[in-house]
Enquirer: 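Below are the C-alpha cells for one structure; questions will follow.
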Amino acid sequence: QAQLVESGGGLVQAGDSLRLSCAASLPTFSGYAMGWFRQPPGREREFVAGITAGSGNTDYADFVKGRFTIARDNAKNTVYLQMNSLKPEDTAVYYCAARKSGWFTRSPSRWDSWGQGTQVTVSS
C-alpha cells in the first residue's frame, strides 16, 4: 500500500544545487517520519537527513550540515531535499524512506518503506 517515488536527480558540476522530491502514497503521510538516505557506489546505504511527523523537527548527517535542507509539505504528501554546494563525494543513489513511528532513526533497517532511488552524480 506504500509507494514512494523520488525525482530530481541528475548530473551536475561541483558547487551546483539540486532539489530532490519524494511523492509519497501512505495511509497518513503527516503521521510518518520521512528521511533521505544515500548509497555511493560500492558502499553501504547511509543516513542523510530526517524530519519528524507533523510540523517536523530535523536531523542531518555531519557531512551535509550547512549544505542540505530537508522539508515536507503535508498538503502535497511530498518531502524535499535541497542540496547546495554539491561535492563529488555526494555522488550516490538517493533514497526516500518513511517510518510509521513518526520519529527518525539513522539505521536503514528500522525504516518501513523505501523508494527506488534517484541518481545524483557530481563531477569535479
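We number each residue from 1, following the sequence as shown. Given the structure is predicted, the values throughout are model-derived calculations rather than measurements.
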Enquirer: Would a distance-only check, ignoring hydrogens and angles, find a side-chain to backbone donor-acceptor pair under 3.5 Å from Arg19 to Gly9?
Expert: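 Answer holds: no.
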Enquirer: When you look at CD of Gln116, are more than 12 heavy atoms from neighbouring residues, nucleotides or ligands closer to it than 6.0 Å?
Expert: no
Enquirer: Treating Asn74 as the side-chain partner and Gly54 as the backbone partner, does any N or O pair qualify as donor plus acceptor under 3.5 Å?
Expert: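 At least one qualifying donor-acceptor pair exists.
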Enquirer: Output the rest of the hydrophobic cluster of Val5: all Ile, Leu, Val, Met, Phe, Trp and Tyr residues reachable through side-chain heavy-atom contacts under 4.5 Å, sorted by chain and number.
Expert: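 ILVMFWY cluster around Val5 holds nothing else.
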Enquirer: Looking at Met34 and Ala24, what are the two nearest heavy atoms and their distance?
Expert: CE-CB, 4.4 Å
Enquirer: Quick one: does any side-chain atom of Thr52 pair with a main-chain N or O of Asn57 as donor and acceptor, under 3.5 Å?
Expert: yes
Enquirer: Taking side chain as C-beta onward, heavy atoms only, is Val120 less than 4.5 Å from Thr91?
Expert: no
Enquirer: Measure from NZ or CZ of Arg38 to the centre of the six-membered ring of Phe47, then state whether that distance is under 6.0 Å and the direction lies within 45° of the axis.
Expert: no
Enquirer: Without swapping roles, check the side chain of Glu6 against the backbone of Cys96 for a donor-acceptor pair under 3.5 Å.
Expert: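 Side chain of Glu6 to backbone of Cys96, a donor-acceptor pair under 3.5 Å: yes, one is there.
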Enquirer: Quick one: pull up SG in Cys22 and OH in Tyr95 and give me the separation to the nearest 0.5 Å.
Expert: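 Going from the SG atom of Cys22 to the OH atom of Tyr95 covers 13.0 Å.
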Enquirer: Could you walk me through whether Arg106 and Asp59 satisfy the side chain to side chain contact (heavy atoms under 4.5 Å, CB included) test, starting with their C-alpha distance in whole Å, then the side-chain angles of each, then the deciding distance to 0.1 Å, before giving a yes or no?
Expert: CA-CA 9 Å; Arg106 296 192 173 193; Asp59 187 38; 3.0 Å; yes
Enquirer: Is any side-chain heavy atom of Tyr32 less than 4.5 Å from a side-chain heavy atom of Pro27?
Expert: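 The answer is yes, as the side chains (C-beta and beyond) meet within the 4.5 Å cut-off.
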Enquirer: How far does OG of Ser113 sit from NZ of Lys100, to the nearest 0.5 angstrom?
Expert: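 Ser113 atom OG to Lys100 atom NZ measures 7.5 Å (nearest 0.5 Å).
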Enquirer: Do any N or O atoms from the side chain of Ser101 and from the backbone of Trp103 form a donor-acceptor pair under 3.5 angstrom?
Expert: yes
Enquirer: Can you tell me how far the CG atom of Asn84 sits from the CZ atom of Arg67, to the nearest 0.5 Å?
Expert: 9.0 Å
Enquirer: Would Gln82 and Leu20 count as a side chain to side chain contact (heavy atoms under 4.5 Å, CB included) if you check the C-alpha gap in whole Å, the side-chain angles of each, and the deciding distance to 0.1 Å?
Expert: CA-CA 6 Å; Gln82 178 66 47; Leu20 306 183; over 6 Å; no
Enquirer: State plainly whether the residues Lys87 and Asp90 are in salt-bridge range, i.e. N to O under 4.0 Å.
Expert: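 Answer for the salt bridge query: no.
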Enquirer: Under a 4.5 Å cut-off applied to non-hydrogen side-chain atoms, are Glu89 and Val122 in contact?
Expert: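 No, every pair of side-chain atoms sits at 4.5 Å or beyond.
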Enquirer: Quick one: which of Val48, Leu18, Val12 gives a side-chain contact (heavy atoms from CB on, under 4.5 Å) with Met83?
Expert: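 With Met83 as partner, Val48, Leu18, Val12 yield a single side-chain contact (heavy atoms from CB on, under 4.5 Å), made by Leu18.
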Enquirer: Looking at every heavy atom in both Ser123 and Pro88, which two are closest together, and how far apart are they?
Expert: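 Shortest heavy-atom separation between Ser123 and Pro88 comes out as C-CG, 4.5 Å.
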Enquirer: Check whether the side chains of Thr105 and Ser107 place a donor and an acceptor atom closer than 3.5 Å, and report yes or no.
Expert: no
Enquirer: Under the disulfide (SG to SG under 2.5 Å) definition, can you give me all pairs with a residue in residues 40-71, not counting sequence neighbours?
Expert: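 For residues 40-71: none.
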Enquirer: Any side-chain heavy atom of Asn77 within less than 4.5 Å of one from Leu26?
Expert: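 They are not in contact (no side-chain heavy atoms under 4.5 Å apart), so the answer is no.
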Enquirer: So that I know where these two stand, are Trp111 and Phe104 an aromatic pair - ring centroids less than 6.0 Å apart?
Expert: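 No, the ring centres sit 6.0 Å or more apart.
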Enquirer: Could you walk me through whether Gln39 and Glu46 pass the side chain to side chain contact (heavy atoms under 4.5 Å, CB included) test, one step at a time?
Expert: CA-CA 6 Å; Gln39 188 164 12; Glu46 62 187 4; over 6 Å; no
Enquirer: Starting from the C-alpha separation in whole Å, work towards a yes-or-no answer on side chain to side chain contact (heavy atoms under 4.5 Å, CB included) for Tyr80 and Arg72.
Expert: CA-CA 6 Å; Tyr80 305 95; Arg72 66 190 298 158; over 6 Å; no
Enquirer: Donor-acceptor pair, Tyr60 side chain versus Ile70 backbone, under 3.5 Å?
Expert: yes
Enquirer: Over 60° means perpendicular and under 30° means parallel, so classify the ring planes of Phe68 and Tyr94, tilted if in between.
Expert: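 Rings of Tyr94 and Phe68: tilted, 30 to 60°.
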Enquirer: Heavy-atom distance under 4.5 Å between the side chains of Pro108 and Trp114, does that happen here?
Expert: yes
Enquirer: Do Phe29 and Lys76 come close enough that some side-chain heavy atom pair is under 4.5 Å?
Expert: no
Enquirer: Answer yes if the side chains of Thr78 and Asp73 hold a donor-acceptor pair under 3.5 Å, and no otherwise.
Expert: no
